[in-house]
Amino acid sequence: MTTATLAPAARRTRPFAWVEQSLTLAWRNIVRIRQNPEALADVTFQPIIFLVLFLFVFGGAIAQGGTWRDYLPYLLPGLLVQTVVFSTMGTGVALNDDFAKGVFDRFRSLPIARVAPLIGAVLGDAVRYTLSIVILMSTGFALGFRFQNGIGYGLLALVIVLLFALSMCWIWVWLGLTLRTVQGVQGIAILVMFPLTFGSNVFVQTDTLPGFLQAFVNINPVKYLVDTMRGLMLGGELQQPLLITLAWMVGLIAVFAPLAIRAYRRRT
């Protein structure tokens, strides 16, 4: 048997080998985080700072005569959404940095599925999102927050916000592969994230906002995710915001995952 006939056979991979390859590359991202712990500052200290800042500085005023303890159950589900949504942009920043350093040139030379590095990057960042959830909820529990609709629904809320982050991060995967610099990705991220999170019902009720801003909030996916979190954690309306949130998750993956894969193929 000649070398020519052996070469194609050597390149064949097992069915669903891309799953194992993606998990291996996800572990590579996790190890990189462990070796560079300061990269976790945005998902460790930032959630605590935001919770303390908005709870104690603005809590009394926003609670309309109440105390920060009255505001905490309303604030924490919304702030959880804001924290995790902000964390998603780190995926695009890391991918853009890897391309600039030539890491993906090395991946291209390996006998792996072309989609594996992208899926590995997304799965690896799930650790960052989970860490931000754990830290924020632990701080909230220490301050007196409790699930008012049962632990089961509370844990389901945490799973849903994590899945939403995994679907939304495909936007930043696409932008990280499309824009030229890390600064460009960060700049676009700030322009998108601030209107999405602050122009929502994270901190105040929608009906307290001006009419033009209410119109924006009512089409903002963050609003429905926040409503879902509050419905699961505290009780109240759940079905409509949950269905709209799930629809947004499916739509984000359906639109931006193919765009990201196409951008990746163009660059590699």
Side-chain angles (χ1 to χ4, degrees), residues 29-30 32-64 66-94 124-149 151 153-166 168-169 172 182 185-186 189-190 192-205 220 222-223 225-234:
N29 290 332
I30 294 171
R32 186 174 64 172
I33 291 173
R34 192 172 60 185
Q35 294 172 345
N36 187 25
E38 59 268 21
L40 295 175
D42 62 328
V43 296
T44 51
F45 299 111
Q46 181 177 299
I48 299 174
I49 292 171
F50 269 51
L51 180 59
V52 171
L53 177 67
F54 285 102
L55 186 62
F56 293 106
V57 176
F58 303 115
I62 297 177
Q64 298 179 351
T67 67
W68 62 267
R69 291 182 178 85
D70 302 315
Y71 186 49
L72 178 60
Y74 184 87
L75 173 66
L76 187 60
L79 197 58
L80 175 66
V81 170
Q82 185 197 54
T83 300
V84 176
V85 166
F86 262 99
S87 300
T88 60
M89 70 179 184
T91 306
V93 170
D125 266 13
V127 175
R128 297 176 66 253
Y129 310 150
T130 303
L131 183 60
S132 68
I133 292 171
V134 170
I135 289 176
L136 184 59
M137 293 305 301
S138 298
T139 307
F141 284 134
L143 292 172
F145 179 85
R146 296 294 182 269
F147 293 133
Q148 299 176 16
N149 201 30
I151 295 178
Y153 281 111
L155 294 177
L156 179 60
L158 304 184
V159 171
I160 289 175
V161 75
L162 176 61
L163 293 177
F164 187 90
L166 290 174
M168 189 173 185
C169 73
W172 307 114
V182 168
V185 178
Q186 292 173 330
I190 295 300
V192 173
M193 291 300 193
F194 270 85
L196 278 179
T197 55
F198 286 93
S200 68
N201 60 342
V202 167
F203 301 106
V204 297
Q205 296 180 1
N220 186 346
V222 170
K223 184 256 187 192
L225 180 58
V226 171
D227 286 342
T228 301
M229 294 300 100
R230 289 181 178 138
L232 289 169
M233 292 181 176
L234 308 176

Let me confirm one number: the [atom1]-[atom2] distance from [X] to [Y], rounded to the nearest 0.5 Å.
X	Y	atom1	atom2	result
L51	L72	CG	CG	6.5 Å
L232	L156	CG	CG	5.0 Å
D70	L75	CG	CG	12.5 Å
T130	L166	OG1	CG	7.5 Å
L155	I160	CG	CD1	11.5 Å
Q82	L196	CD	CG	11.0 Å

Minimum side-chain heavy-atom gap [X]-[Y] below 4.5 Å:
X	Y	value
M168	V85	yes
M233	L158	yes
M229	F164	no
K223	V202	no
L76	Y71	no
S132	L136	no

- Might you work through the ring-ring contact (aromatic ring centres under 6.0 Å, His included) test for F198 and F203, ending with a clear yes or no? CA-CA 8 Å; F198 286 93; F203 301 106; 5.4 Å; yes
What are the two closest heavy atoms between [X] and [Y], and how far apart are they?
X	Y	value
C169	Y129	CB-OH, 3.3 Å
A189	M89	CB-SD, 3.3 Å
G231	N149	O-ND2, 3.4 Å
A165	T88	O-CG2, 3.5 Å

- Could you walk me through whether I135 and I48 pass the side chain to side chain contact (heavy atoms under 4.5 Å, CB included) check? CA-CA 8 Å; I135 289 176; I48 299 174; 3.8 Å; yes
- Task: Using the six-membered ring of F141, assess whether NZ or CZ of R146 lies under 6.0 Å from its centre and within 45 degrees of the ring axis.
- Result: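 Relative to the ring axis of F141, which defines the angle, R146 lies outside at least one limit.
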- Task: Using modelled atom types only, decide if a donor and an acceptor are shared between the side chain of N220 and the backbone of G199 within a distance under 3.5 Å.
- Result: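 It does hold such a pair.
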- Indicate yes or no for a side-chain donor-acceptor contact from R230 to the backbone of Y74 under 3.5 Å, with no hydrogens or angles considered. yes
- Message: Quick one, Q186 with V182, criterion side chain to side chain contact (heavy atoms under 4.5 Å, CB included). Give me CA distance, side-chain angles, the key distance, then yes/no.
- Response: CA-CA 6 Å; Q186 292 173 330; V182 168; 3.8 Å; yes
- Take atom OH in Y153; do more than 12 heavy atoms of anything else shown fall under 6.0 Å from it? no
- Are D125 and T91 linked by a side-chain donor-acceptor pair shorter than 3.5 Å?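 Looking only at side-chain atoms, T91 and D125 do form a donor-acceptor pair, the distance falling under 3.5 Å.
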- Are F194 and F86 an aromatic pair by the rule of ring centers under 6.0 Å? yes
- Assign the ring pair F56 / W68 to parallel, tilted or perpendicular, where the plane angle (0 to 90°) is split at 30° and 60°. tilted
